[in-house]
Structures are given as structure tokens and as C-alpha cells.
Amino acid sequence: MPRLPETFAALYGHAPDGVWSAPGRVNLIGEHTDYNGGLALPIALPHRTSCAASARDDDVLRIASLQEESSVEVRIDEVAAGQPSGWTAYVAGVLWALREAGYAVRGLDVLVDGRVPLGAGLSSSAALECSVAAAASDLFGLGLMESAEGREALATACQRAENDVAGAPTGGMDQAAAMHCTPAHALRLDCRDGATSQVPFDLEAHGVVLLVTDTRASHALADGQYGARRDSCEKAADLLGVEFLRDVVGRPLDETLDALPDDELRRRTRHVVTEIDRVDAVVDALRDGDLDEVGRLFVASHESLRDDYEVSCTELDLVVDTAVAQGAFGARMTGGGFGGSAISLVRADDVDRLSSAIEEAFAQARLTAPVSFAVTASGPAQRD
């Protein structure tokens with residue numbers, strides 16, 4: 001990618017020390033389970049965010065992007081909640097979080113090239129954070145990219161950057177996916193203890209593809225709705241006497257729900273508990289090659305997110321309904337919701353027809369035209 005190093009040199013007056021990249025992600029199933037200590041099943045996207053970077057001898061961060069006109073210069077000790085603001089918080093927050101965790105980091109010159117669609121629910125923020133974290137680990141000799149434990153430490157720092165500096169109260173699934181996913185596999189992630197295992201996800205062998213549809217209905221996780229869902233789950237867990245809603249999985253569901261005082265808490269809890277169960281059901285179905293069952297579980301997940309968790313929207317529902325009507329194995333929203341993307345499990349021969357049907361459905365509903373694209377399970381953060 002010659003443009004990034006060349007632009008870096010023109011901007012900062014010296015060549016970068018290297019280029020690092022990290023992927024966006026699609027979560028196959030396990031939505032809003034990460035901050036409940038549950039399970040998730042993401043894959044890494046082929047779409048990546050890259051950063052050219054060089055180490056500095058002081059504590060100054062200079063941050064710029066090929067996609068954004070704004071840039072920032074800030075010292076690491078000046079980084080705090082909301083400072084800097086906007087997209088640069090995700091970069092500065094990583095260095096701040098690594099220093100808070102006790103790692104010896106200094107300033108960086110950084111130029112970002114973001115190729116993960118923004119606002120599409122595909123975790124462009126985690127891709128940005130993890131590309132910078134990978135650069136910091138290598139440039140400052142932290143050695144964290146060389147082991148699963150080190151990558152977990154980087155993912156934790158990236159999550160803290162997102163929570164404490166950028167102000168988005170997300171769980172850690174996105175950062176874990178960007179650090180741990182491998183090609184042709186989904187990542188079974190236990191969000192309570194961080195344990196991961198690789199699940200084969202080779203759809204090509206079955207003549208099937210995963211179709212992502214960016215609805216172009218932009219979502220934002222820092223706008224209060226996401227935090228409100230998280231607050232409800234924490235309140236329900238407290239009322240049930242457990243640390244996480246994960247801890248009530250396996251109990252009789254009706255008895256658990258009857259112990260809660262209002263319908264909203266019952267619906268939020270029902271989604272989380274049943275969604276955690278669906279993750280391992282999808283893992284089993286994938287290992288058995290039962291794509292009909294995977295599709296059925298996708299639809300059940302979407303209905304739960306739509307009706308019990310109330311994070312879907314007109315555009316996401318239209319993609320799912322159209323895909324299923326056109327013969328997809330199944331479809332569901334993916335990501336935090338309130339917009340963003342949906343995924344469909346589709347026979348390879350049907351991709352063009354189904355994509356056209358979704359576009360036509362949006363046109364008839366007078367909605368902004370969506371963008372659909374097939375994806376494969378790709379690799380983690382790395383030096384390029």
C-alpha cells in the first residue's frame with residue numbers, strides 16, 4: 001500500500017517505522033452477550049484498517065487519517081475521558097490505556113487508512129484501536145503480539161480506550177475478534193474468562209457465502225441506547241443475585257423471568273439467556289455441516305433482538321425478511337443494532353439475485369440504497 005507510507009512521509013517529514021493493520025468483524029451470533037459474561041461467535045472481515053506509525057522520543061501523539069480532515073496533537077498524560085474527542089480518541093486512548101496498565105510506551109506519529117465501513121456495525125473502531133495497539137507493541141518492544149496472552153492484554157487495553165476515553169460502553173468482543181480471529185474460522189469467545197477456540201467456518205466447501213448488507217442506516221454506540229441496554233442487564237443481574245446474566249443460563253427460564261419486577265427487564269434477560277444458548281447451538285451445527293439449522297438459529301436470534309432487546313430497525317428487518325423470503329438459509333442483524341448491517345447465509349449461486357431483491361425492497365420502501373458484499377473469515381491484527 002504505497003499511498004500510506006508516502007503520505008505519512010509527506011505529512012511528518014520522515015518515513016514510518018512500519019505499517020500495521022487489524023480487521024473489522026462480523027458477529028455470526030451472540031449479540032449483546034459480551035458485557036453479560038456470555039458467548040459470542042465473530043469472524044474477522046477481509047476489510048481492514050491500517051496505520052503507518054513511528055515511535056517518538058517524547059510523549060506526544062500526532063494523529064491523522066487519509067479519510068478525515070481533522071488531526072490532533074496531544075500528550076499521553078493529557079488523554080482523558082472525551083479528550084481528545086471524535087475518532088482520534090480511539091487512537092490516543094490505546095496509548096493511554098497501555099500506560100495505565102504499566103507498559104512503557106511513548107508518543108507516536110500515526111497516519112490511519114480506514115477501510116472498514118463506518119457506521120455499519122462492523123467494528124471500525126476496534127479495527128482502528130487494534131492496528132494502533134499492534135504498532136505500539138512492536139515499536140516499544142512490548143512483545144504482546146507474539147502470544148495469545150499478550151494479544152488478550154492488547155485487546156483489553158483497546159476496550160478500555162473505547163470505554164474510558166471514547167465513551168462507548170461496549171463489551172470486549174470486537175477487540176478480541178480483531179486480535180484472535182484466524183482465516184476460515186469463527187472465534188468462539190467466552191466473554192467471562194476470555195477463553196477462545198477456533199470453529200471451522202469454510203462455507204465455500206458447501207457452495208455457500210456469508211452476505212453482509214450495510215443498510216446505510218448509521219448507528220452510534222455512544223448515543224445512550226446501547227448504554228441503556230447494558231444498564232438494564234446489570235440491574236437484572238443484581239436483582240437475580242448474580243454477577244452476570246450468564247450465571248442464570250441453565251436455570252429454568254420461566255422461574256428466572258418471574259423473579260424480575262417488570263416486563264422490560266424480563267425481555268432483556270430472555271434475549272441474553274437464549275442468545276447465549278444459541279451460540280453453542282450454532283457451533284454444533286457448523287461442526288455438523290447443518291446450514292439449515294444455522295439459518296434457523298440466525299432468524300431466531302434476529303427475532304429476539306427485534307422483539308425482546310429492541311435494537312433492530314426498519315432497514316435491518318427488511319433485509320432479514322427479504323433474504324429469508326428469497327431462499328436464504330437464514331439472516332439476522334449483526335452488531336450493536338439501531339442500524340448498521342445484517343448478514344445472510346446464502347447459496348453462492350443466489351448472491352446476485354438476493355442482493356438485487358434487497359435493493360429493490362429498499363427502493364420500494366423509499367429507503368437509502370443498501371450495499372451488499374460477500375465476506376470470508378480472515379486473519380487478525382498484524383504487521384503488514
Side-chain angles (χ1 to χ4, degrees), residues 20-28 30-45 47-51 87-101 103 105 110 112 114 116 118 120-138 142 144-182 185-198 221-222 226 230 334-336 340 377-383:
W20 292 259
S21 69
R25 66 93 189 96
V26 156
N27 193 28
L28 298 181
E31 224 65 77
H32 290 275
T33 56
D34 52 355
Y35 53 82
N36 286 295
L39 303 174
L41 194 67
I43 64 169
L45 290 172
H47 304 72
R48 302 177 73 87
T49 290
S50 300
C51 76
W87 70 271
T88 60
Y90 297 96
V91 177
V94 170
L95 276 298
W96 171 85
L98 286 170
R99 180 168 286 186
E100 287 286 300
Y103 295 105
V105 298
V110 177
V112 173
V116 180
L118 298 176
L122 303 177
S123 200
S124 57
S125 58
L128 173 58
E129 294 153 4
C130 290
S131 67
V132 173
S137 176
D138 288 350
L142 307 183
L144 298 175
M145 293 289 287
E146 312 307 318
S147 68
E149 294 78 12
R151 284 175 173 264
E152 184 174 346
L154 289 174
T156 298
C158 291
Q159 182 190 353
R160 190 170 182 194
E162 186 147 339
N163 294 167
D164 295 352
V165 179
T170 58
M173 185 264 289
D174 298 343
Q175 293 82 6
M179 281 293 174
H180 294 292
C181 281
T182 60
H185 289 81
L187 184 77
R188 182 190 182 274
L189 172 65
D190 188 321
C191 301
R192 179 160 53 189
D193 61 13
T196 61
S197 59
Q198 303 292 336
L221 297 185
Y226 187 100
R230 185 165 185 164
T334 187
S378 302
Q382 63 183 29
R383 184 168 186 160

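Worth saying up front: this structure is predicted, and the values here are computed from it rather than measured. Numbering of residues begins at 1 and proceeds along the displayed sequence.
Taking CD of Gln198 as the start and OG1 of Thr182 as the end, the distance is 3.5 Å to the nearest 0.5 Å. Note: Met145 CE to Ser137 OG = 6.5 Å, rounded to the nearest 0.5 Å. In this structure, Thr196 OG1 and Asp190 CG are separated by 10.0 Å, a value rounded to the nearest 0.5 Å. Here the CG atom belonging to Asn36 is positioned 11.0 Å from the CZ atom belonging to Arg192, to the nearest 0.5 angstrom. The distance from the CZ atom of Arg151 to the OG1 atom of Thr156 is 13.5 Å, given to the nearest 0.5 Å. Of the inter-residue distances, the one linking Glu129 atom CD with Ser124 atom OG reads 9.0 Å to the nearest 0.5 angstrom.
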What's the verdict on side chain to side chain contact (heavy atoms under 4.5 Å, CB included) for Leu39 and Leu189, showing C-alpha distance, side-chain angles and the deciding distance?
CA-CA 6 Å; Leu39 303 174; Leu189 172 65; over 6 Å; no

Evaluate the side chain to side chain contact (heavy atoms under 4.5 Å, CB included) criterion for residues Ile43 and Arg25: first the C-alpha distance (whole Å), next the side-chain angles of each, then the deciding distance (0.1 Å), finally the verdict.
CA-CA 6 Å; Ile43 64 169; Arg25 66 93 189 96; over 6 Å; no

Evaluate side chain to side chain contact (heavy atoms under 4.5 Å, CB included) for Leu154 paired with Leu98, printing each intermediate quantity in order.
CA-CA 8 Å; Leu154 289 174; Leu98 286 170; 4.0 Å; yes

Could you walk me through whether Val165 and Val94 pass the side chain to side chain contact (heavy atoms under 4.5 Å, CB included) test, one step at a time?
CA-CA 9 Å; Val165 179; Val94 170; over 6 Å; no

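In terms of modelled atom types and a separation under 3.5 Å, the side chain of Arg48 and the main chain of Pro380 share a donor-acceptor contact. No side-chain donor-acceptor contact under 3.5 Å links Gln175 to the backbone of Ala126. The main-chain N or O of Thr170 is found under 3.5 Å from a side-chain atom of Arg230 such that the two form a donor-acceptor pair.
Ala22 approaches Ser131 most closely through the heavy-atom pair CB-N, 3.5 Å. Between Pro169 and Tyr226, the closest heavy-atom pair is O-CE2, 3.0 Å. What you find for Cys181 and Pro42 is that their closest heavy atoms are SG-O, 3.9 Å. Nearest heavy atom pair, residue Ala134 against residue Ala381, reads CB-CB, 4.5 Å. For the residue pair Gly93 and Ala161, the shortest heavy atom distance occurs at C-CB, 3.2 Å. Ala168 approaches Asn163 most closely through the heavy-atom pair O-ND2, 2.8 Å.
Side chains of Val105 and Leu142 form a contact here, defined as non-hydrogen atoms less than 4.5 Å apart. Looking only at side-chain heavy atoms (C-beta outward), Leu122 and His47 stay at 4.5 Å or farther from each other. Inter-residue side-chain proximity for Trp87 and Val112 is flagged as met; some heavy-atom pair is nearer than 4.5 Å. Between Glu162 and Ser125 the shortest side-chain heavy-atom distance falls below 4.5 Å.
Remark: His180 pairs with no residue by the ring-ring contact (aromatic ring centres under 6.0 Å, His included) rule, at least two apart or across chains. Partners of Ser197 according to the side-chain contact (heavy atoms from CB on, under 4.5 Å) rule, which considers only residues two or more places apart in sequence or in another chain, are Arg188.
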